[in-house]
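Please read these numbers as outputs of a predicted model, since none were measured by experiment.
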Amino acid sequence: MWLGEEPVPLPEPEGYAELVRRWLATFGPGTEADIVWWLGATKGAVRRALADVGAVSVTLDGGGTGWVLADDLDEEDPVEPWAALLPTLDPTVMGWKERGFYLDPADVPYLFDTNGNAGNTAWWDGRVVGCWVQDDDAAVRVLLRHDLGEEARAALDAQAERLTAWLDGVRIVNVYASPQMKGLELT
């Protein structure tokens, strides 16, 4: 068995609480709408689970209310700018319904479908800034939505070279390709 042991089913409220606890530990802070969307549950079930795990409300940068676990209230130290290339439907990009804190709303139709599914994404300093594709020779190329400057371009190109080497000629077939990945011009 691939899990090592057979999981024991939990009663519904405990199951929701455990899933919400794990979501907050991975993606928090998040809004009630984020958790309802991700879990596919009702607001009532999510509110009970938030209470059951002792979640704490926090004010988000945009002024809304988010939730975190009680042991996740400390301020984080700033980090150096970083670049990453994530695959289609990666949990990092799929973890939230409300994505304004890491994605320019004008870029949504280029990088997501109407159901909120993401294609391959390129990240710079904690924000989605475009996508990545492979050419006919399986080389990874980054397609940016905006000019980010030389530092960002160089860091993303280095990630593309690294991913190309790691894939070693294997072409990834995506179950979902965003409009930008398909090279579509949107008006």
Peer 1: Is there a donor-acceptor pair under 3.5 Å between the side chain of Asp135 and the backbone N or O of Asp137?
Peer 2: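 Yes, because the side chain of Asp135 sits within donor-acceptor range (under 3.5 Å) of the backbone of Asp137.
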Peer 1: So, Asn120 side chain and Pro87 main chain: donor-acceptor pair closer than 3.5 Å or not?
Peer 2: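 Not a single qualifying donor-acceptor pair exists.
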Peer 1: So, Arg21 and Glu18, do they make that salt bridge, N to O below 4.0 Å?
Peer 2: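 Between Glu18 and Arg21 there is a salt bridge, with a charged N closer than 4.0 Å to a carboxylate O.
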Peer 1: Would you compute the distance between atom CG of Leu103 and atom CH2 of Trp123 and round it to the nearest 0.5 angstrom?
Peer 2: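 With rounding to 0.5 Å, CG (Leu103) is 8.0 Å from CH2 (Trp123).
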Peer 1: Any donor and acceptor pair, going by atom type alone, linking the side chain of Arg171 with main-chain N or O of Gln134 inside 3.5 Å?
Peer 2: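 Checking the backbone N and O of Gln134 against the side chain of Arg171, a donor-acceptor pair under 3.5 Å is found.
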Peer 1: Is Arg145 close enough and on-axis enough to Tyr110, meaning under 6.0 Å and within 45°, for cation-pi?
Peer 2: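 Because its charged atom sits under 6.0 Å from the ring centre and within 45° of the axis, Arg145 does stack over Tyr110.
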Peer 1: For the atom pair CD1 (Ile172) and CG (Leu167), what is the distance rounded to the nearest 0.5 Å?
Peer 2: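 Reported to 0.5 Å precision, the distance equals 5.0 Å.
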Peer 1: Hey, does the side chain of Tyr16 reach the backbone of Arg47 with a donor-acceptor pair shorter than 3.5 angstrom?
Peer 2: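 Side chain of Tyr16 to backbone of Arg47, a donor-acceptor pair under 3.5 Å: no, none is there.
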Peer 1: Report the distance from atom CH2 of Trp23 to atom CG of Asp34, rounding to the nearest 0.5 Å.
Peer 2: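 Spacing of CH2 (Trp23) from CG (Asp34) equals 4.5 Å.
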Peer 1: Please check: side-chain N/O of Asp157 versus main-chain N/O of Ala154, any donor-acceptor pairing under 3.5 Å?
Peer 2: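 Side chain of Asp157 to backbone of Ala154: no pair is present.
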Peer 1: Cluster question for you: counting only ILVMFWY and a side-chain heavy-atom cut-off of under 4.5 Å, with indirect links fine, are Val93 and Leu89 together?
Peer 2: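 Yes.
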Peer 1: So if you build clusters from Ile, Leu, Val, Met, Phe, Trp, Tyr with side-chain heavy-atom gaps below 4.5 Å, do Leu144 and Tyr102 land together?
Peer 2: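 No; Tyr102 is not reachable from Leu144 via cluster members.
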